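Here is the structure we will look at, set down as structure tokens.
Predicted model only: the values in this text are computed from it and were never measured.
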Amino acid sequence: MSRAMSTGRINSSAAARKALSSVNFRLPQLNIPAFSGKFVDWMSFKDLFVTTVHSQNSLSNIQKFQYLKVLHSDEPASLMKHIPLSYYSYEVAWGKLKGRFDEKNQIVRAIIKTFKDQKSISQANVTNLRNLVDTNDEVLRGLNALGTETTSRDPWLMQLLLQKLDPETKRLCSVKTADIDFSTLKEFIEFLNIRFSHLDLMICKESDTKLPTK
């Protein structure tokens, strides 16, 4: 074994021991709401976490990983449950969370659903009207934070159309748009046309294979 390789391994081991030693210290508590896996809350959580933890060079990867685990519950916590504690745990865990929840199409749909699910006001009072205004303000701020594409008519119309579709077509649509940040209404309608054509072709093939009855 060469001296350079031996030195590299010693330095790597020393760095790992130094990072792991930080686990013995209690980290200061952060005033960040825990993320439970709701798409509508992801952007707000990510912005706060990146500012207070992810971008802080004074924190080790082990410390960042500790914060990440503490600030998650439900599905996000399950994603990190079996990640072993090591120097690289944080990068793996953060990558898993971004891969699952940093989906702009899903976030837009969740925000629009929040707007649509607001209850009608049967009696005017300060509380009801304030809640309505606050929710609408939250929705608009959430869409603006995602970019100008989300403030157009397309996401709203696509959300309304999605609610009218069958489960299988919804699934296929989700698969098709998985790698696209924002789908346009034109692309969505094209997808529905292709879906219709495929179904029509399947019906024709089934009809052709049926034997004539006597």
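Take R109 and apply the side chain to side chain donor-acceptor pair (under 3.5 Å) test, not counting sequence neighbours, and it matches no residue. Applying the salt bridge (Lys or Arg N to Asp or Glu O under 4.0 Å) rule to K38 yields no partners; only residues at least two apart in sequence or on another chain are considered. The side chain to side chain donor-acceptor pair (under 3.5 Å) search around K98 returns none, not counting sequence neighbours. Listed by chain and number, the residues in a side-chain contact (heavy atoms from CB on, under 4.5 Å) with D47 amount to none (sequence neighbours excluded). Residues that satisfy the ring pair (Phe, Tyr, Trp, His ring centres under 6.0 Å) test with H198, not counting sequence neighbours, are absent from this structure. Applying the side-chain contact (heavy atoms from CB on, under 4.5 Å) test to T114 and every residue at least two apart in sequence or in another chain returns V40, T135, V139. Remark: Y67 engages no residue in a ring pair (Phe, Tyr, Trp, His ring centres under 6.0 Å) (not counting sequence neighbours). In this structure, the side-chain contact (heavy atoms from CB on, under 4.5 Å) partners of K186, at least two apart in sequence or on a different chain, are T184, E190. Under the salt bridge (Lys or Arg N to Asp or Glu O under 4.0 Å) criterion, D134 pairs with no residue, sequence neighbours left out. Among residues two or more places apart in sequence or in another chain, the side-chain contact (heavy atoms from CB on, under 4.5 Å) test is passed with E75 by R100, F101. Shown here are the salt bridge (Lys or Arg N to Asp or Glu O under 4.0 Å) partners of K46, two or more places apart in sequence or in another chain: D102.
From I112, atom CD1 reaches atom CG of L143 across 6.0 Å, with rounding to the nearest 0.5 Å. Interatomic distance, S152 OG to L157 CG, rounded to the nearest 0.5 Å: 8.5 Å. Taken to the nearest 0.5 Å, the CG atom of L199 stands 12.0 Å off from the CD1 atom of I194. Rounded to the nearest 0.5 angstrom, T52 OG1 and I32 CD1 are separated by 3.0 Å.
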Just do the side chain to side chain contact (heavy atoms under 4.5 Å, CB included) check on F191 and L172 with the steps written out, would you? CA-CA 9 Å; F191 161 77; L172 292 173; 3.9 Å; yes
Which is it for L165 and L192 under the side chain to side chain contact (heavy atoms under 4.5 Å, CB included) test, yes or no, and what are the steps along the way? CA-CA 10 Å; L165 298 177; L192 293 179; 4.0 Å; yes
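K96 has its side chain within reach of I83: a pair of non-hydrogen atoms, C-beta onward, lies under 4.5 Å apart. In this structure the side chain of L162 reaches within 4.5 angstrom of the side chain of F188, judged on heavy atoms. In this structure, L161 and I189 have side chains that are in contact, with non-hydrogen atoms separated by less than 4.5 Å. The closest side-chain heavy-atom distance from M80 to L97 is below 4.5 Å.
No single ILVMFWY cluster, assembled from side-chain heavy atoms under 4.5 Å apart, contains both F65 and V70. Hydrophobic clustering (side-chain heavy atoms under 4.5 Å, transitive across Ile, Leu, Val, Met, Phe, Trp, Tyr) groups V50 together with F35. Hydrophobic clustering (side-chain heavy atoms under 4.5 Å, transitive across Ile, Leu, Val, Met, Phe, Trp, Tyr) groups L59 together with L85.
With respect to Y90, the side-chain hydrogen bond (donor to acceptor under 3.5 Å, both in side chains) criterion is satisfied by exactly one of Q63, H54, K69, Q66: H54.
Contact detail for I62 and S86: the closest heavy-atom pair is CD1-O, 3.1 Å. T169 and R195 get closest at one heavy-atom pair: OG1-NE, 3.1 Å. Considering every non-hydrogen atom in both L68 and A93, the closest pair reads CD2-CB, 3.7 Å. Shortest non-hydrogen contact noted between F39 and A110 is CB-CB, 3.9 Å. Considering every non-hydrogen atom in both V53 and K64, the closest pair reads O-CE, 3.4 Å.
Counted within 6.0 Å of CD on E168, heavy atoms from surrounding residues, nucleotides or ligands total more than 12; the atom is thus considered enclosed.
Judged purely by atom type and a 3.5 angstrom limit, N61 has no side-chain atom pairing as donor or acceptor with the backbone of Y88. In this structure, the side chain of N136 engages the main chain of L132 through a donor-acceptor pair within 3.5 Å.
For residues 153-165, the side-chain hydrogen bond (donor to acceptor under 3.5 Å, both in side chains) pairs, not counting sequence neighbours, are K116-Q163.
Aromatic ring orientation, W42 versus F45: tilted (interplanar angle from 30° to 60°).
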